[in-house]
Amino acid sequence: WLFPPQTKYPLCTLAETPRSAPHCIEYAKIAMWPAAFPGVEFDGDNMEHVTWVYEKALDRSRSYGIEGVTYQLTQGVVKNIIPAIASTNAIIAGMCTLETLKIVSMCSTGLDNMLMYVGTDAVYTLASRYEKDE
C-alpha cells in the first residue's frame, strides 16, 4: 500500500499518439535511446543519459503540442521515483505527538517554540518565549 503500482504504457500509444509528458519521456527512453546508441544500456544515474532523453522528449512533446516535460519529471520517469509523502507525514505526526506529550505530561511548556519543516532543505527549530503586551 505504500508504493503505488508501476505505470506501464503500451508502445503503440507511446509511438503513435502520446497524450502526456511521461509518454514522450518513455518513448525517448525505450525507443529512441536504443536506436541512437545500439548496445549502450541506458543509465538513469548518468547525467548525460538523462539529459539526452530529456532533450529528445522535449522535442517530441513540442511536435505533438504537449506541455510539461521538465528535467525533474524526466528524472522521475526514467528512475521510477515515487515522491516521499509518507516520510513527510511521519515527520509532521511526530512533531504533533511531541507537543501533545509536552502538554499532557507537563514535562515542558507546550508550544513554547517554533519548528519549521522544509521538506527539501532542512528542519529548523527556534526556542523563544512569547511575550505578553501590557
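Just so you know, these numbers use all the heavy atoms, side chains as well, and skip hydrogens, waters and symmetry mates.
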Minimal non-hydrogen separation, [X] against [Y], with atom names:
X: Ser105; Y: Leu101; result: OG-O, 2.6 Å
X: Lys56; Y: Ala28; result: CB-CB, 4.0 Å
X: Pro18; Y: Cys24; result: CB-SG, 4.2 Å
X: Thr74; Y: Tyr54; result: OG1-CD1, 3.5 Å

Straight-line distance of [X] [atom1] to [Y] [atom2], nearest 0.5 Å:
X: Ser20; Y: Ile66; atom1: OG; atom2: CD1; result: 6.5 Å
X: Ile30; Y: Phe42; atom1: CD1; atom2: CZ; result: 12.0 Å
X: Ile25; Y: Gln75; atom1: CD1; atom2: CD; result: 10.5 Å

Would you call [X] and [Y] a side-chain contact if the rule is heavy atoms closer than 4.5 Å?
X: Glu26; Y: Val77; value: yes
X: Trp52; Y: Met32; value: yes
X: Met95; Y: Ile92; value: yes
X: Val69; Y: Arg60; value: no
X: Glu67; Y: Ser61; value: no
X: Tyr71; Y: Val50; value: yes

Problem - Cluster overlap Leu98 with Val104, hydrophobic side-chain contacts below 4.5 Å - result: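 No; Val104 is not reachable from Leu98 via cluster members.
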Practice task
Test Thr51 against Glu48 for side-chain contact (heavy atoms from CB on, under 4.5 Å), laying out the working first.
Solution key: CA-CA 5 Å; Thr51 302; Glu48 293 172 2; 5.7 Å; no
Handout entry: Expected output: side-chain His49 to main-chain Asp43 donor-acceptor under 3.5 Å
Key = yes
Problem - Donor-acceptor contact below 3.5 Å, side chain Trp33 vs main chain Val40 - result: yes
